[in-house]
**Q** 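The structure follows.
Note that ligands are numbered from 1 as they come in the structure, with each ligand's atoms numbered from 1 the same way.
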Amino acid sequence: MGSHSSDDFTAKWAQHDLGEVVVSSKEVHDRVLELGLEITRDYADSPPLLVCVLKGAINFMADLMRAIELPVEVDFMAVSSYGAATKTSGVVRIVKDLDVDLTQRDVLIVEDVVDSGLTLNYLRQYLGARDPHSLEVCALLLKEGEQRVEQSLKYVGFTIPPDFVVGYGLDVNERYRNLDAIYIFTGQA
Ligand code: IMP
Ligand code: MG
């Protein structure tokens, strides 16, 4: 923005609580285009229904859907997991459900980050029960060695160390979602 790229410039309001850049905005951008191409190829015969998991996946969803050259449909669901700000409890509550019917659809869940895998595990079971033709996952981030539940993820943007990160949709207490890069969070949650 302006004369700065967000790779070498962090907004003043955020600087205090951010550590190193884990994924730069350029890396995100390039990888999202690659994922879009892969999805375009894999789903050429049957355009998927993209299911965005709010709120963390909004930035990813917005960029990914535009990188897919197919007549995709999109829908949104919101989940919230109980527990402290930076750890998942595994208990997931559906805050907003989908509007569309999944029967015989090729469904692609668009997720921000897979940490313990508990949220995704729950979502898979919940959506899988609605008789989709296929149900796959596209996760922007996968945290190394953190999964308590076995996951088979069809698409992964980046594998990252198990630090808590913010930016590009990811938040702490609803903040930092509007940063273009992904940073290690060093502040107090
Ligand atoms: P899981 O159930 O442990 O896999 O956690 C998944 C959810 O927790 C994600 O969809 C995020 O909303 C949130 N989450 C996990 N790790 C992070 C992080 O590093 N930054 C921000 N949110 C996170
Ligand atoms: Mg979150």
**Q** Would you call E38 and R41 a salt bridge, taking side-chain N to carboxylate O under 4.0 Å as the test?
**A** no
**Q** At a 4.0 Å threshold, what atoms of ligand 1 neighbour a non-hydrogen atom of S116?
**A** 1 (P), 2 (O), 3 (O), 4 (O)
**Q** Heavy atoms only: which of V53, V172, T119, V92 lies closest to atom 2 (O) of ligand 1?
**A** T119
**Q** NZ/K55 to CZ/R177 distance, rounded to the nearest 0.5 angstrom?
**A** 5.5 Å
**Q** Regarding atom 20 (N) of ligand 1: of the candidates V114, L170, V165, which has the closest heavy atom?
**A** V165
**Q** So, 4.0 Å and heavy atoms of K55: is ligand 1 close enough to count as a contact?
**A** no
**Q** Taking atom types as modelled, find out whether D17 and T186 have a side-chain donor-acceptor pair closer than 3.5 angstrom.
**A** no
**Q** Assess, by modelled atom type and distance only, whether the side chains of Y168 and N178 contain a donor and an acceptor separated by less than 3.5 Å.
**A** no
**Q** Distance from L135 atom CG to R124 atom CZ, nearest 0.5 Å?
**A** 6.5 Å
**Q** State the atoms of ligand 1, each with its element, that fall below the 4.0 Å cut-off from a heavy-atom position in D115.
**A** 1 (P), 3 (O), 4 (O), 5 (O), 15 (C), 16 (N)
**Q** Would one find an N or O of L120, backbone or side chain, under 3.5 Å from an N or O of ligand 1?
**A** no
**Q** Can you list the ligand 1 atoms lying under 4.0 Å from a non-hydrogen atom of K143?
**A** 16 (N), 17 (C), 18 (C), 19 (O)
**Q** With only distance considered, is D112 within less than 3.5 Å of ligand 1 through an N or O on each side?
**A** yes
**Q** Drop me the distance from N121's CG to Y126's OH, to the nearest 0.5 angstrom.
**A** 15.0 Å
**Q** Please identify which atoms of ligand 1 are closer than 4.0 Å to at least one heavy atom of D171.
**A** 21 (C)
**Q** Purely on distance, is any nitrogen or oxygen of G117 under 3.5 Å from one on ligand 1?
**A** yes
**Q** Would you mind running through ligand 1 and noting each atom that sits below 4.0 Å from a heavy atom of E111?
**A** 10 (O)
**Q** Consider only side-chain N and O atoms of T103 and D131, and report whether a donor and an acceptor are under 3.5 Å apart.
**A** no
**Q** Going by the atom numbers of ligand 1, which of them fall below 4.0 Å from some non-hydrogen atom of V113?
**A** 6 (C), 9 (C), 10 (O), 11 (C), 14 (N), 15 (C), 16 (N), 17 (C), 23 (C)
**Q** Rounded to the nearest 0.5 Å, how far apart are CG of L35 and CG of D63?
**A** 11.0 Å
**Q** One thing to verify: whether D97 and R130 come together as a salt bridge, which I'm taking to mean a side-chain N less than 4.0 angstrom from a carboxylate O.
**A** yes
**Q** Does at least one non-hydrogen atom of L141 fall below 4.0 angstrom from an atom of ligand 1?
**A** no
